[in-house]
Amino acid sequence: MFLTKPLGVGIITTAEKKGIAEDVHLQAAQNSMMSLNSIGSFLGQQGYVNALTDVTGFGLLGHLKEICEASNLSASINYDLVPKFDFLKKYIAQQAIPGGTNRNWQSYGHTISELGAEQRAVLADPQTSGGLLISVDQNAVDQFIKDAALQGLVLSELGAMTKKREKSIYIQ
């Protein structure tokens, strides 16, 4: 599993609404939102891509849950490897969490392993113009990373699809 843009757009835009967002952080979120997902048309043609979706209002967990359900698999994600803006803790501590985050969690939280408050705030954060969530055949990960680099993306693996388990998604 790979993600092409960092998470946290909903958090920083909520911080802006509260008047607490730093300009440099707001600019980083705006740059992310304005970055196109045009690589999706290239990746969608690659035989090693098993699933591809944009991460938007349902947050990473909501969109990954849909992939899990459609494939009859579960997913395991390493939270530390999930791309996210490095300034989010500051805004989470100030309760700059969109209302959509809690609605997302109420909708699908029962299908996710236990999470801490910060993990929930980031992984269920609704994104505007979020990145692409991509599931890649495990035997082609190196080729995928090379192809992504040729398209200007430096990506690292954040997790994997696994055999179906009790929960849809497990966070480590």
Side-chain angles (χ1 to χ4, degrees), residues 1-40 51-68 74-136 145 148-149 152-161 167-172:
M1 300 296 302
F2 295 85
L3 183 62
T4 62
K5 293 182 184 180
L7 297 177
V9 167
I11 293 168
I12 189 63
T13 56
T14 300
E16 178 190 27
K17 291 173 190 171
K18 290 180 146 223
I20 59 173
E22 293 182 28
D23 288 342
V24 66
H25 299 159
L26 188 57
Q27 187 63 54
Q30 290 171 342
N31 290 344
S32 176
M33 289 186 282
M34 290 187 290
S35 173
L36 298 177
N37 284 325
S38 55
I39 191 172
L52 175 85
T53 186
D54 59 338
V55 175
T56 55
F58 295 117
L60 175 66
L61 293 177
H63 291 281
L64 180 53
K65 176 185 169 287
E66 290 176 348
I67 291 174
C68 291
S74 289
S76 177
I77 299 297
N78 182 329
Y79 180 74
D80 292 337
L81 299 179
V82 172
K84 51 195 163 293
F85 292 112
D86 61 2
F87 49 76
L88 296 179
K89 287 183 183 186
K90 169 184 179 169
Y91 298 114
I92 293 169
Q94 296 178 68
Q95 297 301 307
I97 299 170
T101 300
N102 293 324
R103 287 188 296 277
N104 284 343
W105 187 252
Q106 289 171 355
S107 170
Y108 56 66
H110 64 283
T111 68
I112 313 297
S113 68
E114 190 172 324
L115 298 179
E118 176 189 323
Q119 292 173 321
R120 185 181 320 159
V122 173
L123 297 175
D125 183 41
Q127 304 299 290
T128 299
S129 187
L132 298 174
L133 176 61
I134 308 158
S135 173
V136 175
I145 290 172
L153 292 175
V154 178
L155 302 176
S156 59
E157 201 167 359
L158 59 92
M161 301 304 291
K167 302 284 186 180
S168 292
I169 304 169
Y170 293 84
I171 309 299
Q172 306 167 353

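This one's a predicted model, so the numbers in the text were calculated from it and none came from an experiment. Numbering starts at 1 and runs along the sequence shown.
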For the residue pair [X] and [Y], what are the closest heavy atoms and their distance?
X: Ser32; Y: Phe85; answer: CB-CZ, 3.9 Å
X: Ala148; Y: Leu155; answer: CB-CD1, 3.8 Å
X: Gln95; Y: Lys18; answer: O-NZ, 3.2 Å
X: Met161; Y: Met1; answer: SD-SD, 3.4 Å

Checklist entry - salt bridge (Lys or Arg N to Asp or Glu O under 4.0 Å): which pairs involve residues 21-37, sequence neighbours left out? => result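 Of all non-adjacent pairs touching residues 21-37, those that pass salt bridge (Lys or Arg N to Asp or Glu O under 4.0 Å) are Glu22-Lys90.
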Using atom types as modelled and distance alone, determine if a side-chain donor or acceptor of [X] lies under 3.5 Å from a backbone N or O of [Y].
X: Tyr91; Y: Gly8; result: no
X: Lys167; Y: His110; result: yes
X: Thr4; Y: Leu132; result: yes
X: Asn37; Y: Gly130; result: yes

Checklist entry - Taking C-beta and beyond as the side chain, do Leu7 and Gln127 meet within less than 4.5 Å on heavy atoms? => result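 They are in contact (side-chain heavy atoms under 4.5 Å apart), so the answer is yes.
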Checklist entry - So, do Thr111 and Ile169 sit near enough that their side-chain heavy atoms are less than 4.5 Å apart? => result no
Identify, with sequence neighbours excluded, every residue that meets side-chain contact (heavy atoms from CB on, under 4.5 Å) alongside [X].
X: Asp86; result: none
X: Pro98; result: Ile11, Thr14, Thr101, Asp125, Pro126
X: Thr56; result: Asp54, His63

Find the distance between [atom1] ([X]) and [atom2] ([Y]) and round it off to the nearest 0.5 Å.
X: Ile12; Y: Leu88; atom1: CD1; atom2: CG; answer: 7.5 Å
X: Phe2; Y: Leu52; atom1: CZ; atom2: CG; answer: 12.5 Å
X: Ser156; Y: Leu3; atom1: OG; atom2: CG; answer: 10.0 Å
X: Ile77; Y: Glu157; atom1: CD1; atom2: CD; answer: 9.5 Å
X: Ser107; Y: Phe58; atom1: OG; atom2: CZ; answer: 7.0 Å
X: Tyr108; Y: Lys65; atom1: OH; atom2: NZ; answer: 9.5 Å

Listed pairs under 3.5 Å, donor-acceptor, residues 113-124 side chains, sequence neighbours left out:
| unit_1 | atom_1 | unit_2 | atom_2 | d |
| --- | --- | --- | --- | --- |
| Ser113 | OG | Ile171 | N | 2.9 |
| Glu118 | OE2 | Tyr79 | OH | 3.3 |
| Gln119 | OE1 | Gly116 | N | 2.9 |

Next on the checklist: What verdict does the side chain to side chain contact (heavy atoms under 4.5 Å, CB included) test give for Asn104 and Leu61, after you've listed the backbone C-alpha separation in whole Å, the side-chain angles of each residue and the deciding distance to 0.1 Å?
Outcome noted: CA-CA 9 Å; Asn104 284 343; Leu61 293 177; over 6 Å; no
Item to check | With sequence neighbours excluded, residues passing side-chain hydrogen bond (donor to acceptor under 3.5 Å, both in side chains) with Gln27 | outcome: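 If we apply the side-chain hydrogen bond (donor to acceptor under 3.5 Å, both in side chains) test to Gln27, skipping adjacent residues, the hits are Asn31.
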Next on the checklist: For Ser129 and Val9: C-alpha separation, side-chain torsions, deciding distance, then whether side chain to side chain contact (heavy atoms under 4.5 Å, CB included) applies.
Outcome noted: CA-CA 9 Å; Ser129 187; Val9 167; over 6 Å; no
